[in-house]
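Values in this document were obtained by computation on a predicted structure and should not be read as measured data. A note on names: the letters A, B, ... follow the listed sequences, proteins ahead of strands, and every chain is numbered from 1.
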Number of protein chains: 2
Amino acid sequence: MRVGVLGTGMVGRTIGSRLAELGHEVRMGSRRAGNEAAVEWAASAGEAASEGSFEDAAGFGELIFNCTAGGASLEALAMAGEVNLHGKVLIDVANPLDFSGGMPPTLSISNDDSLGERIQAAFPESLVVKALNTMNCSVMVEPGRVPGEHVAFVCGENTGAKERVASLLGEFGWPAARIVDLGGIAASRGTEMYLPLWLALYGKLGTGDFNVAIERAD
Amino acid sequence: MRVGVLGTGMVGRTIGSRLAELGHEVRMGSRRAGNEAAVEWAASAGEAASEGSFEDAAGFGELIFNCTAGGASLEALAMAGEVNLHGKVLIDVANPLDFSGGMPPTLSISNDDSLGERIQAAFPESLVVKALNTMNCSVMVEPGRVPGEHVAFVCGENTGAKERVASLLGEFGWPAARIVDLGGIAASRGTEMYLPLWLALYGKLGTGDFNVAIERAD
């Protein structure tokens with residue numbers, strides 16, 4: 001499959017490399033073609049890896065990952081262009097973290113709204129699925145590095161799109177039973193507002209190699 | 001130990017009954033002595049159970065549980081009286097859920113502040129420990145009803161107070177290894193902002209008998 005990965009940070013590079021390793025054609029997009037991190041990534045990620053602008057990457061992909069910083073995601077997606085996102089599955093991995101007030105970050109959107117909802121509202125013809133935003137990128141693409149029955153949450157308005165995302169997560173190593181569908185895109189509020197707890201746990205544990213499992217009575 | 005439980009809802013009654021069952025003397029407090037739910041609870045919870053005003057309950061307790069609705073907690077604690085909370089461990093179980101806009105609720109305090117912090121700021125001579133607000137009350141007092149290594153978070157400024165709370169949680173059935181100290185009271189932001197995810201999971205699972213475990217690489 002051809003995948004567009006928007007964002008050249010650690011999350012975009014990690015997801016892009018994993019997709020290329022799995023045999024997908026991946027184009028990484030950034031504000032301008034020729035971004036240094038993207039060029040370096042494309043050179044190292046094999047023949048199926050390329051880079052370009054947000055517009056290039058979104059036009060290339062049959063499926064798009066939003067791995068931009070949450071505070072810049074709406075602008076990045078606007079640069080990608082509605083026409084290049086129309087009708088496509090758009091996996092939103094971003095969190096609207098605001099570091100402007102120092103550490104710990106706050107959320108620039110929260111409580112009665114979420115980044116996932118804002119993206120779906122801005123691009124109503126895209127099939128937005130919020131996923132993978134509740135863990136470190138190393139765990140996103142290689143869940144086996146953390147033991148136990150830990151989970152990946154997905155939410156979005158379109159069932160078929162969530163099934164396609166679940167299938168791709170399966171390629172990453174996520175068993176279907178550990179992909180938890182929380183319902184519509186408004187459930188992004190929950191997975192995004194989990195970030196402050198994630199950050200506290202990250203500080204406590206001193207590693208990003210952790211994730212939550214849901215234990216329940218039978 | 002003498003314990004004051006503020007709040008006559010399901011959480012207060014469940015915690016109060018468990019404390020009485022464990023041999024503690026418990027006084028449940030509400031806006032006015034003689035509250036119907038509190039009187040009924042006191043009649044059913046044994047000889048060590050009594051009820052009164054917020055002020056009565058706080059004055060009675062060596063340790064205080066705040067089990068009032070989060071939106072009313074600061075007012076309830078003001079009615080309890082600073083003198084009755086001074087120097088005491090105050091376990092804040094409440095979440096600042098705001099149902100005024102319908103379901104799902106939002107948080108009336110969040111992001112750059114939390115109910116736990118507001119309470120500590122309003123009562124600087126109390127030893128506020130945020131705890132147990134990330135699960136159903138049935139699980140709070142009987143963790144064994146959910147299998148697995150699920151956890152209880154605590155946070156607060158005073159280490160000795162957190163140790164006393166951990167000890168009481170131990171009486172409820174929480175092994176020490178499953179009590180996760182997240183640091184100072186500002187970590188309440190994380191445990192309170194987890195509520196939207198908890199609510200989504202509650203809707204998904206159709207039961208409150210669940211909780212999160214933290215899985216990590218060794």
Less than 4.5 Å apart, side chain to side chain, heavy atoms only: is that true for [X] and [Y]?
X	Y	answer
A:D209	B:R216	no
B:E215	A:V212	no
A:M193	B:L107	yes

A:D181, part contacting chain B, at a heavy-atom distance under 4.5 Å: both
More than 12 non-hydrogen atoms from neighbouring residues, nucleotides or ligands closer than 6.0 Å to [atom1] on [X], yes or no?
X	atom1	answer
B:M10	CE	no
A:R178	CZ	yes
B:F172	CZ	yes
A:E40	CD	no
B:R145	CZ	yes

Interface moiety of B:T207 toward chain A, non-hydrogen atoms closer than 4.5 Å: side chain
Structural part of B:E149 lying under 4.5 Å from a heavy atom of chain A: backbone
Rounded distance (nearest 0.5 Å) linking atom OG of B:S110 with atom CG of A:D112: 9.0 Å
A:D113 side, atom CG; B:T106 side, atom OG1 - distance, nearest 0.5 Å: 12.0 Å
Chain A contacts, top residue of B:P147, B:G203, B:G208 (heavy-atom pairs, under 4.5 Å): B:P147
Chain B contacts, top residue of A:N111, A:I214, A:V146 (heavy-atom pairs, under 4.5 Å): A:N111
Options A:T134, A:N211, A:L201, ranked by heavy-atom pairs under 4.5 Å with chain B, top entry: A:N211
